Colleague: 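Next up is a structure, given as structure tokens.
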Amino acid sequence: MARIDVDLCGVHLDNPVIPASGTFGYGYEFADLYDIDVLGSLAFKTTTLNPRYGNPVPRIAETASGMLNAIGLQNPGVDKVIDEELPKLRNCFHKPIVANISGFSIDEYKEVASRISKEDQIGFIEVNVSCPNVSGGGIHFGSDPTLAKEVTKAVKEVSDKPVFIKLSPNVTDIVSIAKACEEGGADGISLINTLIGMRIDIRRRTPIIKNVTGGLSGPAIFPVALRMVYQVAHNVNIPVIGLGGISKAEDVVEMMLAGASAVEIGAANFTDPFICKKIIEELPGLLDSLGVRDIKEIIGGCK
Amino acid sequence: MKQGIFEIKENKQIALNTYRLKLKGEGSNDLKPGQFVNIKLEPYFLRRPISICDVNDDVLTLIYKAVGDGTKTLSKMKEGSLDLLIGLGNGYDLSKSEGKPLLIGGGAGIPPLYFLAKQLRDQGKKVSVILGFNKKEEIFMEEDFKALGCKVIVTTADGSYGIKGFVSDAMKDMDYTYFYTCGPLPMLKAVYGLCRTEGEFSFEERMGCGFGACMGCSIKVKDGYKRVCKEGPVFERKEILWQE
């Protein structure tokens with residue numbers, strides 16, 4: 001059987017499959033469904049300095065091969081995450097965690113990063129500069145190379161763990177943003193977050209989502225994500241985590257061929273809560289059938 | 001929550017736009033009234049949450065209205081199997097009902113009350129039911145509730161059957177110790193305004209996953225935010241906060 005373990009910034013992962021932030025809560029609820037220690041890692045729900053209740057409902061709309069969401073970074077705040085959520089996760093997950101964080105100012109990013117990176121369960125910091133559903137935060141910092149670099153620098157200063165910057169596809173030139181993060185000292189790049197979209201209820205003539213717009217995810221965005229991962233991976237010298245619409249083992253291989261060192265699975269967890277486990281189980285056999293002995297061989301292997 | 005493949009045994013129209021789906025599969029005997037299942041339907045991305053109407057020897061009965069693309073597609077499936085997530089949501093708390101529970105259902109909110117009525121009856125409770133519809137052609141399950149021994153009152157908005165008006169019009173004269181309700185939001189608000197005892201409301205919201213992962217269905221209640229799919233869909237009267 002093919003080997004599926006990978007290395008991410010010097011951290012060994014048993015496999016490249018990571019549930020994406022915002023699609024797996026703080027992980028422990030999925031432990032009721034299966035042994036989540038089979039995962040490569042897991043990215044927990046975006047955590048901010050203060051608790052956030054998020055946007056009014058409806059927050060969800062279905063689309064062709066995907067969905068829109070406008071949750072609005074609902075989370076209990078970093079202190080509660082450290083005091084309550086991480087201890088619950090400690091009982092069922094024994095691998096380095098991806099701590100996804102966000103903020104509404106550079107200082108907030110810094111504060112959350114400095115508190116969370118001290119926790120021994122945390123293996124990586126993933127900085128969300130790409131949430132499309134909050135005003136004044138998230139995507140604001142990921143749409144401008146200068147700001148993206150500043151956030152990266154600030155978080156790097158206070159983090160003991162490798163820092164990934166999670167980028168938005170809602171920009172004119174993804175490569176320039178990724179390069180700015182690399183210059184700011186980022187250890188890696190995660191992409192893509194959701195694409196901004198909208199649906200209208202034709203009877204009521206109102207947006208389906210109360211926030212008017214939401215972030216598009218699901219298989220519909222996979223080709224866009226793949227293209228951006230390919231572009232970024234060819235233009236930076238730091239590892240890339242590829243995500244956006246991955247829903248099967250073949251998609252993982254495709255994303256890694258485009259240049260991803262690991263992958264995150266997002267919306268697919270909503271329609272099949274067992275999808276990460278299934279993909280991990282299918283990967284070795286799929287690689288065997290492709291004549292691949294070690295998954296690391298295929299990273300960036302698209303000719 | 002469990003995932004299972006269920007075989008379609010029956011999928012039949014029983015009233016205007018209303019269908020009864022019977023599914024056979026393992027695990028359905030552990031389900032509670034007020035819980036729901038989430039059905040995968042091709043080619044749609046998100047699953048369709050439908051409340052449980054009855055459970056009998058690993059046969060699950062669901063009654064649903066064909067209103068959107070998904071449920072219309074479902075209504076055309078006469079055989080084959082379906083991928084279900086079962087055992088979702090908290091369900092009703094039967095212990096609080098005391099002797100004379102009142103069940104108030106409107107339209108597509110009626111089916112879960114049947115499963116509830118059956119269990120309340122088995123506990124020896126004297127169950128009354130108010131069923132609200134828009135018009136006569138939409139009426140379903142009236143006889144099923146009667147067969148359980150419940151006192152049944154039907155209302156229609158256009159007066160084509162039973163009491164003319166809404167469930168709230170029929171509530172005034174009822175004698176009850178506790179109530180359970182499920183139906184459209186305006187109906188729930190009317191029930192909230194008229195009820196004279198404690199009780200439980202079952203809510204509906206657009207869901208992403210149906211099992212607590214996406215936070216898509218979080219609503220504000222008196223002590224913070226709760227997920228309709230996980231801490232709900234049933235909420236006690238005293239914890240509800242109505243939003244605009």
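Model, not experiment: these values are computed from the prediction. Sequence lines set the chain letters: A, B, ... in the order given, protein chains first and strands last, and positions in each chain run from 1.
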Colleague: Within a 6.0 Å radius of atom NZ on Lys12(B), are there more than 12 heavy atoms belonging to other residues, nucleotides or ligands?
Modeller: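 Atom NZ in Lys12(B) is not packed in, count stays at 12 or less.
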
Colleague: Has Glu26(B) got more than 12 heavy atoms of other residues, nucleotides or ligands less than 6.0 Å from its CD?
Modeller: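 Open.
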
Colleague: If I compare all heavy atoms of Phe30(A) with all of Phe211(B), which pair ends up nearest, and what's the gap?
Modeller: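 Taking Phe30(A) first and Phe211(B) second, the nearest heavy atoms are CZ-CE1, 3.5 Å.
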
Colleague: The test is side-chain contact (heavy atoms from CB on, under 4.5 Å); show your working for Gln74(A) and Ser218(B) and say whether it passes.
Modeller: CA-CA 9 Å; Gln74(A) 183 174 353; Ser218(B) 283; 3.0 Å; yes

Colleague: Highest number of heavy-atom pairs under 4.5 Å with chain B: which of Ser65(A), Gly25(A), Gly66(A), Gly218(A)?
Modeller: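 Among the listed options, the one with the most contacts to chain B is Gly66(A).
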
Colleague: Any heavy-atom pair between the side chains of Leu33(A) and Lys2(B) that's under 4.5 Å?
Modeller: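 Sidechains of Leu33(A) and Lys2(B): no contact.
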
Colleague: For the atom pair CD1 (Ile71(A)) and SG (Cys217(B)), what is the distance rounded to the nearest 0.5 Å?
Modeller: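 Reported value, rounded in 0.5 Å steps: 8.5 Å.
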
Colleague: Heavy-atom distance under 4.5 Å to chain B: side chain of Ala267(A), backbone, both or neither?
Modeller: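 The answer is both parts of Ala267(A).
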
Colleague: Does the plane of the ring in Tyr225(B) sit parallel, tilted or perpendicular to the ring in Tyr53(A)? Use 30° and 60° as the thresholds.
Modeller: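 If you compare the ring of Tyr225(B) with that of Tyr53(A), the planes turn out parallel.
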
Colleague: Is any side-chain heavy atom of Thr271(A) less than 4.5 Å from a side-chain heavy atom of Phe45(B)?
Modeller: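 A side-chain contact under 4.5 Å exists here.
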
Colleague: When heavy-atom pairs shorter than 4.5 Å are enumerated against chain A, which of Gly212(B), Pro43(B), Gly224(B), Cys214(B) gives the highest number?
Modeller: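 So the answer, after comparing Gly212(B), Pro43(B), Gly224(B), Cys214(B), is Cys214(B).
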
Colleague: Would you indicate whether Lys277(A), at its atom NZ, is surrounded by more than 12 heavy atoms from other residues, nucleotides or ligands within a distance under 6.0 Å?
Modeller: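 No - once you tally the heavy atoms of other residues, nucleotides and ligands closer than 6.0 Å, there are 12 at most.
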
Colleague: So which atom in Met67(A) and which in Gly208(B) form the shortest heavy-atom distance, rounded to 0.1 Å?
Modeller: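 Result for this residue pair: CE-CA, 4.3 Å.
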
Colleague: For the residue pair Arg206(B) and Val57(A), establish whether any side-chain heavy-atom pair is separated by less than 4.5 Å.
Modeller: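 Arg206(B) does not reach Val57(A) side chain to side chain.
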
Colleague: Check the surroundings of atom CZ in Phe166(B): do more than 12 heavy atoms from other residues, nucleotides or ligands lie under 6.0 Å from it?
Modeller: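 Check fails, neighbour count at 12 or below.
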
Colleague: Tell me whether Lys88(A) at atom NZ has more than 12 heavy atoms from other residues, nucleotides or ligands lying less than 6.0 Å away.
Modeller: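 Atom NZ in Lys88(A) is crowded, with more than 12 foreign heavy atoms closer than 6.0 Å.
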
Colleague: Evaluate the side-chain proximity of Leu46(B) to Ile60(A): yes if any heavy-atom separation is below 4.5 Å, no if none is.
Modeller: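 Ile60(A) vs Leu46(B): side chains touch.
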
Colleague: Salt bridge check, Arg47(B) against Glu62(A): does any charged N sit closer than 4.0 Å to a carboxylate O?
Modeller: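 No, Glu62(A) and Arg47(B) are not salt-bridged.
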
Colleague: Hey, which of Gln3(B), Met207(B), Lys220(B) has the most heavy atom pairs under 4.5 Å with chain A?
Modeller: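 Counting heavy-atom pairs under 4.5 Å, the top option is Gln3(B).
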
Colleague: Look at atom CG of Leu241(B) and say whether more than 12 heavy atoms of other residues, nucleotides or ligands are closer to it than 6.0 Å.
Modeller: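 More than 12 within 6.0 Å, yes.
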
Colleague: Which atoms of Tyr26(A) come close to chain B, meaning under 4.5 Å heavy atom to heavy atom: side chain ones, backbone ones, both, or neither?
Modeller: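 No part of it gets close to chain B.
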
Colleague: Using a 6.0 Å cut-off, check whether atom CD of Glu204(B) has over 12 heavy atoms from anything other than its own residue.
Modeller: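 For Glu204(B), atom CD is not crowded (no more than 12 foreign heavy atoms under 6.0 Å).
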
Colleague: Using only atom types and a distance under 3.5 Å, with no angle test, would you say the side chain of Arg59(A) pairs donor to acceptor with the backbone of Met215(B)?
Modeller: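 Checking the backbone N and O of Met215(B) against the side chain of Arg59(A), a donor-acceptor pair under 3.5 Å is found.
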
Colleague: Is chain B contacted by the side chain of Pro273(A), its backbone, both, or neither, given a heavy-atom distance below 4.5 Å?
Modeller: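 Contact with chain B is through both the backbone and side chain of Pro273(A).
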
Colleague: Can you confirm whether more than 12 heavy atoms, excluding those of Lys136(B), are under 6.0 Å from its NZ atom?
Modeller: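 Atom NZ in Lys136(B) is not crowded, with 12 or fewer foreign heavy atoms closer than 6.0 Å.
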
Colleague: Roughly how far, to the nearest 0.5 Å, is CZ of Phe270(A) from CG of Asn38(B)?
Modeller: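 Going from CG on Asn38(B) over to CZ on Phe270(A), the span is 12.5 Å.
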
Colleague: Is Asn55(A) in contact with chain B via its backbone, its side chain, both, or neither, using a 4.5 Å heavy-atom distance?
Modeller: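 It is neither, since no heavy atom gets under 4.5 Å.
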
